[in-house]
4 protein chains.
Amino acid sequence: MAEISVLTPQESGLHAKYLPVPSTVRTAVAGVSGYAGGELARLLLHHPKLADTTPTFLGRPGEDAAKLYLTDLQPQLATSGPSPEVVPFSWDRLVDEGVEVLFLATPHEQSREWVPEAIARNIRVIDLSGAWRLNDDANRAVYKLTDANPDLARNLQAEAVYGCPELHRKDLRDARIVANPGCYATSIILALAPLLEAGIVDLSPGIICDAKSGISGAGKAATAKTHFMYAADNLSAYNVFGHRHTGELLEQLHLDASDIQFTPHLLPIPRGILSTIYVRLIESMHPEKIESIFRACYATSPLVRVRGNGNLPQIQYIVRTNYCDIGFELEPGGKRLVIVSCLDNLLKGAAGQAVQNLNLMCGWNEAEGLL
Amino acid sequence: MAEISVLTPQESGLHAKYLPVPSTVRTAVAGVSGYAGGELARLLLHHPKLADTTPTFLGRPGEDAAKLYLTDLQPQLATSGPSPEVVPFSWDRLVDEGVEVLFLATPHEQSREWVPEAIARNIRVIDLSGAWRLNDDANRAVYKLTDANPDLARNLQAEAVYGCPELHRKDLRDARIVANPGCYATSIILALAPLLEAGIVDLSPGIICDAKSGISGAGKAATAKTHFMYAADNLSAYNVFGHRHTGELLEQLHLDASDIQFTPHLLPIPRGILSTIYVRLIESMHPEKIESIFRACYATSPLVRVRGNGNLPQIQYIVRTNYCDIGFELEPGGKRLVIVSCLDNLLKGAAGQAVQNLNLMCGWNEAEGLL
Amino acid sequence: MAEISVLTPQESGLHAKYLPVPSTVRTAVAGVSGYAGGELARLLLHHPKLADTTPTFLGRPGEDAAKLYLTDLQPQLATSGPSPEVVPFSWDRLVDEGVEVLFLATPHEQSREWVPEAIARNIRVIDLSGAWRLNDDANRAVYKLTDANPDLARNLQAEAVYGCPELHRKDLRDARIVANPGCYATSIILALAPLLEAGIVDLSPGIICDAKSGISGAGKAATAKTHFMYAADNLSAYNVFGHRHTGELLEQLHLDASDIQFTPHLLPIPRGILSTIYVRLIESMHPEKIESIFRACYATSPLVRVRGNGNLPQIQYIVRTNYCDIGFELEPGGKRLVIVSCLDNLLKGAAGQAVQNLNLMCGWNEAEGLL
Amino acid sequence: MAEISVLTPQESGLHAKYLPVPSTVRTAVAGVSGYAGGELARLLLHHPKLADTTPTFLGRPGEDAAKLYLTDLQPQLATSGPSPEVVPFSWDRLVDEGVEVLFLATPHEQSREWVPEAIARNIRVIDLSGAWRLNDDANRAVYKLTDANPDLARNLQAEAVYGCPELHRKDLRDARIVANPGCYATSIILALAPLLEAGIVDLSPGIICDAKSGISGAGKAATAKTHFMYAADNLSAYNVFGHRHTGELLEQLHLDASDIQFTPHLLPIPRGILSTIYVRLIESMHPEKIESIFRACYATSPLVRVRGNGNLPQIQYIVRTNYCDIGFELEPGGKRLVIVSCLDNLLKGAAGQAVQNLNLMCGWNEAEGLL
């Protein structure tokens with residue numbers, strides 16, 4: 001792969017202000033067998049801008065797969081008509097079919113390897129793995145990734161946009177590589193960014209993020225921990241002080257490791273994340289002020305729903321939606337603040353956010369196909 | 001194994017009426033890692049008659065296992081004190097320790113192989129697998145078992161007692177081999193045996209058994225079907241016309257295949273079976289008569305709870321108990337009868353019934369340690 | 001109400017073949033606070049033909065309700081924009097707003113009372129209650145309904161169309177009153193109608209319908225039986241020989257009470273129905289023949305998905321869809337048949353089917369807004 | 001009630017060191033209809049020391065109840081024999097029957113009223129409500145209790161022992177009034193007391209307690225929040241900054257309100273509490289030291305199970321047990337500590353702890369009937 005020749009973004013002609021807004025776009029999804037992949041397929045198949053085009057659904061490279069249909073992998077996507085096929089992976093096929101945007105719902109290692117390959121073929125990528133989210137090599141080390149061409153990878157990493165539209169909306173329009181954020185990270189970043197930006201948070205006691213996720217976050221592999229008998233009627237904390245999404249919090253919120261602490265828990269439900277976040281304010285504030293900070297920050301963000309003081313979101317109202325809901329409760333004293341942030345880990349925490357990024361990359365309404 | 005020398009039951013001195021009632025007995029459990037094995041360990045560790053003896057918990061033969069504790073395999077059995085060990089399997093060890101009754105919570109093939117080995121060492125066996133339940137070779141063929149010594153196996157099979165105490169109480173006292181019944185089979189047999197015995201069932205329309213079981217019935221292996229995401233919020237029928245417990249129904253209820261039909265379903269709950277059974281009566285009857293037939297049949301059966309007409313059992317009242325609950329509803333016309341039978345598949349459907357059999361083999365109160 | 005003056009259907013000018021196909025229609029929903037009402041609101045708010053019009057959401061008559069928003073009653077319907085209001089019920093308002101189709105997601109008694117009122121105002125009605133489903137007075141007696149004007153009610157009842165599009169598609173185009181079917185009834189009728197129509201069913205042993213429904217079927221009222229602690233990890237049979245949907249089976253399938261038996265069960269899941277149906281065939285058949293009967297019957301029904309022999313549907317693949325899935329397994333002998341039928345009780349079993357009926361009443365594609 | 005004449009503890013002859021150890025004791029349970037009451041009944045009916053005596057199960061005062069059986073209220077307690085009766089409440093009956101210990105599983109107001117009545121009749125009380133847990137009037141104000149005889153109530157309050165055996169074991173032997181702790185409070189107090197006692201906690205950043213409880217904690221009343229449809233597949237925070245158990249934390253742990261913060265959440269499971277507790281240490285420590293502090297503190301506490309660093313408890317291993325499990329994870333830096341504490345809210349958090357208190361009041365092994 002060392003011989004990959006990659007145009008710079010400038011050479012590619014990707015400048016946001018000159019980009020035409022296409023009426024549609026040719027997409028492909030690699031890794032359509034997983035939970036996020038299935039949600040992605042569903043969203044793309046119902047996307048108004050993609051009504052006249054079916055995404056290409058791909059197996060793994062080198063596989064000469066037996067003829068496979070999308071509904072073999074994702075039975076819930078059946079209609080009364082025929083199912084789209086899932087075709088063997090081939091870069092030639094992607095080029096021949098004129099694919100413009102490739103979604104990678106693939107393992108971290110595969111995403112790390114494929115992104116340069118895609119860019120070399122002038123295919124824009126939205127990667128749902130953790131492979132391209134972290135700019136700091138030390139943070140990214142938890143993924144144990146290797147690069148065939150480290151120089152190229154370094155350049156592409158520098159170019160990759162962290163696909164949190166509420167933070168990086170403008171950078172997405174002409175992005176070639178979008179690193180779709182982690183599910184936990186999205187819920188925490190959206191809850192904290194406005195307050196940190198406003199400079200009202202006292203970091204000295206540390207921010208505590210106690211997050212809880214449904215089982216789909218653990219992936220489709222059948223393991224002892226995803227067995228119904230283990231997961232049902234249970235709750236467990238895991239990866240205390242060591243979850244891989246921590247690096248995203250540090251980089252996106254410009255925090256040091258000592259500023260924030262994040263503990264994930266596994267909930268006995270299929271999907272949904274609720275993060276309870278404990279913050280101390282520098283000085284005593286009125287709850288209306290907190291609410292106005294959130295509202296100002298998300299005034300033009302159709303997929304974030306801000307709630308008033310004491311009106312906390314809960315999982316059942318965001319599940320199977322593309323929203324992130326943010327509520328809070330301020331102690332009467334005005335200094336201790338609890339923020340509750342909820343989203344569906346497969347949607348706003350994965351596939352929904354990926355489509356939101358697609359919309360922005362194309363200059364469309366960012367909520368197109370997501371409401 | 002062809003050289004195994006096995007005493008006949010008579011030579012073994014096992015005659016129910018002469019058997020002394022022991023104050024305790026040395027037991028062992030092979031296969032303590034599964035769900036039934038875990039429940040069995042729990043029941044034996046709390047059994048009043050076994051208070052002064054700890055069962056031997058065994059790994060698999062030939063394994064030179066690293067030191068392992070029961071709570072490594074069954075964390076819910078932890079106390080604040082030390083855990084019993086799980087020791088490598090060895091027939092010599094069983095003999096040296098003077099084990100008198102061996103529980104096999106092992107795969108069918110292993111149980112088929114080990115029972116003759118145990119009998120050869122004068123160890124009585126309660127086998128929780130399907131290996132020894134079926135007398136008819138054609139019925140047993142679904143388990144695809146092979147016998148090293150077919151003649152011996154045939155004799156032992158003929159001697160094996162189907163461990164449904166409510167049907168075969170007397171045969172259990174001096175049994176050397178007890179084939180512990182299947183969970184579905186127990187729920188259906190206990191519901192139907194009294195009515196068939198009373199000769200009131202019209203077999204011409206066929207008996208329909210629509211049974212539903214919690215996920216633990218599918219075993220501890222992590223598979224696509226035991227994944228929380230597959231099982232939760234779901235219900236599915238499986239093995240229609242082909243479930244292996246059907247043979248038990250035919251043999252124990254003396255029915256032909258055309259007389260009865262059994263459809264299992266997988267419920268999104270950890271444990272519990274509810275069987276809804278549809279019977280037509282030969283002639284119109286009063287519900288009191290139905291109830292009295294059930295009550296007469298189970299008058300001396302402490303682990304069957306009979307309910308009156310229209311008072312149907314449900315899973316939550318039998319879960320984590322050793323009872324089978326039986327209720328029914330008779331159509332006002334008096335000829336169409338719906339019976340509902342509930343039990344915990346791991347207890348009355350497996351480990352609880354195994355301990356009930358142990359009690360009867362020892363001449364103890366059959367409910368000892370089970371209420 | 002005796003003075004209500006109602007045009008005959010003919011006087012109303014409702015003749016299917018002359019009816020123009022409107023580009024949109026003005027709708028209202030009464031009873032938007034329940035589960036079916038909430039799903040109905042969601043479907044209507046996303047319906048392509050209703051994009052330029054918001055349905056009128058109504059409280060109860062005589063209520064002078066405090067200002068209420070849809071999201072107060074159905075928080076999961078929140079967007080990042082303002083919520084539609086729920087307005088006090090008033091016939092004048094409906095007339096003033098030019099409402100053409102009124103959905104009633106109201107209690108049976110209220111629906112019985114309001115349908116004549118709506119017809120008198122030339123408003124077509126789709127009633128989700130059981131009030132107008134049954135033509136036989138004896139069957140309808142279970143609802144204990146009274147009519148202010150019995151003659152009028154009798155005429156309207158005769159005119160009402162049972163809103164199962166797959167059976168009565170043609171009658172829906174000009175229907176003024178559509179009685180939306182019961183959820184259990186839909187799942188069973190769709191499974192049996194093709195086979196009964198084909199004349200292949202032996203009725204002598206009786207058809208057994210063992211049906212299981214999620215908790216939403218029990219309604220939104222907080223009761224001992226809908227308490228999480230009662231419903232979770234449980235399964236129970238109820239209303240054996242006495243469920244109100246039985247009358248729909250008899251009338252729509254042209255059966256006698258002795259031909260069919262229906263036992264509902266309460267599943268520990270939010271939504272979804274699975275009906276396991278036991279049928280004996282008059283003569284031995286090939287499974288391909290059974291499949292072809294189903295396929296022929298539903299060839300033009302986009303919301304019924306027929307599956308092949310042994311390919312049984314399960315709840316997770318129909319939940320939150322508007323489909324009814326039908327699969328079956330034929331015994332090798334070819335005479336005993338098990339049919340499994342699945343649907344979402346709030347969608348194809350209620351709100352989805354109501355919108356399907358709306359589509360047909362307007363001459364639109366019946367799956368509009370439902371895929 | 002002002003005329004109640006109450007002996008002082010001294011006059012009552014209750015001095016721990018002179019008290020004889022009874023072989024059994026006469027008990028009664030008022031409020032046997034709730035979840036904690038049901039678990040209490042189960043534990044008492046199986047308690048070895050109470051084998052020859054059945055507790056008196058009571059309805060509410062003034063009720064002239066129709067004849068009621070325990071299994072009418074708690075169907076899961078059925079055996080194959082007759083059920084104990086539930087009798088109308090009457091102080092005379094309690095006195096006549098010689099009841100020595102009365103369990104109150106009653107509403108707070110009722111417990112506040114009845115405790116003086118019981119003491120006046122020389123009946124010792126274990127109260128499961130919140131009525132007598134708080135010594136500080138300001139803390140107790142959240143329960144809005146009134147006292148008929150404030151002076152007497154003040155004296156009795158001063159005498160009441162907070163029934164956390166691990167903290168107040170010695171005081172329980174001769175206690176007349178035991179205020180059984182709150183479920184959340186138990187899980188948090190047992191996790192924090194050893195560390196606070198050891199003086200290693202830095203209180204300046206505040207201790208954060210993020211606790212999650214199963215639905216049974218919300219009680220048996222059918223409400224919108226205990227409806228299966230609301231609770232299932234959901235998670236929600238509630239009573240942020242305002243939960244009534246907070247006062248117990250402050251009093252038992254000798255903390256100020258600013259030192260600790262407690263946020264409860266409602267888990268979609270029947271029972272179990274997991275508390276995730278965030279603590280900063282004064283100085284960097286080794287995890288072995290933390291573990292040894294816990295182990296030393298609970299060396300003689302058979303119902304607390306301490307786990308090593310990184311070995312966190314989870315709900316499924318404590319559910320339906322009388323244990324509290326405590327584990328922790330220390331950040332490599334050695335200053336940030338996460339403690340996870342789990343118990344069954346109905347057992348160690350209510351009925352199990354109540355029986356533990358009974359055992360200590362009688363001088364029995366505190367784990368009698370609880371393992």
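Proteins come first, then strands; the chains are lettered A, B, ... in the order of their sequence lines, and each starts at number 1.
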Most contact-rich option vs chain C, by heavy-atom pairs under 4.5 angstrom, among D:Ala222, D:Pro268, D:Ala231, is D:Ala222
Just checking D:Phe228 against C:His227, ring centres under 6.0 Å apart? no
What part of D:Tyr35 gets closer than 4.5 Å to chain C, counting heavy atoms only: side chain, backbone, both or neither? side chain
Interface moiety of C:Ala232 toward chain D, non-hydrogen atoms closer than 4.5 Å: both
Partner set under side-chain contact (heavy atoms from CB on, under 4.5 Å) for C:Ala185, not counting sequence neighbours: C:Tyr162, C:Ile189, C:His245, C:Glu248, C:Leu249
Under 4.5 Å heavy-atom distance to chain C, tell me which part of D:Ala218 shows up: side chain, backbone, both or neither. neither
Answer yes if the ring centres of C:Trp132 and C:Tyr143 are under 6.0 angstrom apart, and no otherwise. no
With C:Leu104 as reference, evaluate C:Asp127, C:Val29, C:Leu128, C:Leu58 under the side chain to side chain contact (heavy atoms under 4.5 Å, CB included) test and give the passing residue. C:Asp127
For D:Lys225, is it the side chain, the backbone, both, or neither that has a heavy atom closer than 4.5 Å to a heavy atom of chain C? neither
Looking only at side chains, do C:Lys212 and C:Thr276 share a donor and an acceptor under 3.5 Å apart? yes
Check each atom of D:Thr223 against the heavy atoms of chain C and say whether the ones under 4.5 Å are side chain, backbone, both or neither. backbone
